[in-house]
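This one's a predicted model, so the numbers in the text were calculated from it and none came from an experiment. In what follows, chains carry the letters A, B, and so on, assigned in the order in which the sequence lines appear, proteins first and then strands, with residues in each chain numbered from 1.
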2 protein chains.
Amino acid sequence: MGNIYDVRTYEPSQSIGYLMTRVKVEMLAALDRELAADPHLSALGVTAAQFIVLVRLVGTANRKSATDLCKELSYDAGAMTRMIDRLEKKGLVRRMRCVKDRRLIYLEATDEGRAAYPRMLEMSVAVQNRFLRGLEQKDAQKLKDYLTRMLHNAG
Amino acid sequence: MGNIYDVRTYEPSQSIGYLMTRVKVEMLAALDRELAADPHLSALGVTAAQFIVLVRLVGTANRKSATDLCKELSYDAGAMTRMIDRLEKKGLVRRMRCVKDRRLIYLEATDEGRAAYPRMLEMSVAVQNRFLRGLEQKDAQKLKDYLTRMLHNAG
DNA sequence: TTACAATGTCGGCCTAGGCAGATATATCTG
DNA sequence: CAGATATATCTGCCTAGGCCGACATTGTAA
């Protein structure tokens with residue numbers, strides 16, 4: 001019923017899974033290079049992975065816990081603890097225990113984290129625009145649609 | 001000149017970069033689960049990352065070195081050394097020093113590695129078909145085309 | 001031939017994610 | 001109230017990739 005691939009003709013090196021992995025790696029690497037090249041941000045030593053977490057903290061009004069971030073980003077809880085350790089050590093994020101539910105720890109971007117945000121966002125946009133060069137708006141919309149459907153199929 | 005995103009309207013959580021990262025993670029995780037669920041392959045303890053490397057060794061006739069694989073998969077050389085260590089420890093891969101150029105080490109899948117290959121390929125195809133469910137062949141072709149163009153833009 | 005550059009592999013150190021178990025707190029149930 | 005259950009975080013152990021420097025080998029130029 002409408003399978004895309006067949007074992008007998010499948011070419012791993014040209015599969016969508018392979019291509020997607022490659023694109024993702026290249027995009028992250030490009031963002032890392034941009035971050036490292038920026039005089040101000042390179043001093044902070046922010047990586048692409050850290051940036052993605054930071055965006056979620058700065059870009060929304062309401063307070064968030066580590067678990068909230070894990071759900072949004074389908075991230076492992078243990079990995080998140082360590083990620084926040086690194087961000088806290090760099091002074092970009094603060095931990096604040098919730099007094100009403102002492103299991104919870106709210107996360108907040110510091111002033112430094114907030115200050116670095118606009119420049120980071122610029123870079124993210126620039127990198128993605130570069131990768132999407134040559135595509136029309138409707139192509140980008142289609143690509144986004146395909147990805148959304150795949151994510152939905154993941155269950 | 002035809003940029004897809006603008007900093008003022010950019011929504012990180014709906015960007016193509018974010019979606020692609022999510023899909024890639026979910027696809028790898030799904031493959032890992034399939035591998036772990038298979039009675040025979042789970043005994044070998046093969047992961048998705050190891051599978052991707054193994055495919056390259058079994059799926060081609062000519063001998064390959066670690067550097068060859070690194071170029072094909074845009075992989076780090078140090079990471080590849082350790083990856084091969086793990087594959088070798090599991091008895092799936094053999095190292096063979098080249099006598100003509102003693103810097104080179106040729107890699108070869110063992111009989112066990114070769115034997116596991118067809119089942120692995122099946123799983124890879126099944127997972128990708130599942131993620132692409134609902135897409136027509138021409139949609140898959142378009143998606144592949146977009147990804148290829150993005151990879152090309154990476155430079 | 002000798003000095004230098006290039007290549008291939010390896011190891012150390014870092015960031016990074018997944019999984020399982022431990023701990024503390026909160027909530028539900030009898 | 002007491003005991004079980006659920007939730008949030010943390011820690012240890014694993015795989016995993018990137019970067020850099022060490023080392024051996026090979027190729028090249030003086």
Margin query: Can you list everything that forms a side-chain contact (heavy atoms from CB on, under 4.5 Å) with B:R8? Sequence neighbours excluded, please.
Written below: B:D6

Notebook entry, point to check: Side chains of B:E88 and B:R95: closer than 4.5 Å at any heavy-atom pair?
Noted result: yes

Next item on the list: Return the 5'-most residue of the pair B:Y75, A:D76 with respect to DNA chain D, ranking by each residue's nearest nucleotide.
Entry: A:D76

Next item on the list: Rounded to the nearest angstrom, tell me the gap between atom CE in B:M80 and atom P in C:dT7.
Entry: 18 Å

Notebook entry, point to check: Could you give the CG-to-P distance, from B:L107 to C:dG8, as a whole number of Å?
Noted result: 13 Å

Check: First and last nucleotide of DNA chain D in contact with chain A, 5' to 3', at under 4.0 Å to a heavy atom: what are they?
Finding: D:dA6 to D:dC13

Next item on the list: Find out whether A:H40 and A:R119 are in side-chain contact, i.e. whether some heavy atom of one side chain is under 4.5 Å from a heavy atom of the other.
Entry: no

Item checked: C:dC10 OP1/OP2 closer than 4.0 Å to side-chain N/O of B:R97 -> no

Notebook entry, point to check: So which of residues 25-39 of chain A are in contact with DNA chain C, with a heavy-atom cut-off of under 4.0 Å?
Noted result: none

Checklist line | Test item: B:I4 and A:Q128 side chains (from C-beta on) under 4.5 Å apart, heavy atoms | finding: no

Notebook entry, point to check: So, is B:T67 near the phosphate of C:dT7, with a side-chain N or O under 4.0 Å from OP1 or OP2?
Noted result: no

Next item on the list: Let me know, please, whether B:K100 or B:A49 comes out on the 5' side of the other along DNA chain D by nearest nucleotide.
Entry: B:A49

Next item on the list: Scan B:R82 against the nucleic acid and name what it touches under 4.0 Å (heavy atoms): base, sugar-phosphate only, or nothing.
Entry: base

Next item on the list: Whole angstrom is fine here: how far is it from CZ in B:R103 over to C1' in C:dA6?
Entry: 7 Å

Note to self: Within the structure provided, determine whether B:L107 and B:R94 are in side-chain contact (heavy-atom separation under 4.5 Å).
What the structure shows: no

Next item on the list: Show your reasoning for whether side chain to side chain contact (heavy atoms under 4.5 Å, CB included) applies to A:L132 and A:L143.
Entry: CA-CA 10 Å; A:L132 294 169; A:L143 173 53; 4.1 Å; yes

Item checked: Charged N-O contact under 4.0 Å between B:R63 and B:E108 -> no

Notebook entry, point to check: Would you call A:R149 and A:D145 a salt bridge, taking side-chain N to carboxylate O under 4.0 Å as the test?
Noted result: yes

Item checked: Straight-line distance of A:D139 CG to A:E136 CD, nearest 0.5 Å -> 6.0 Å

Next item on the list: Mind checking B:T81 for me? I need base, sugar-phosphate or nothing, with any heavy atom below 4.0 Å counting as a touch.
Entry: base

Margin query: Taking the nucleotide of DNA chain C with the nearest heavy atom to each, does A:G78 or A:V99 sit closer to the 5' end?
Written below: A:G78

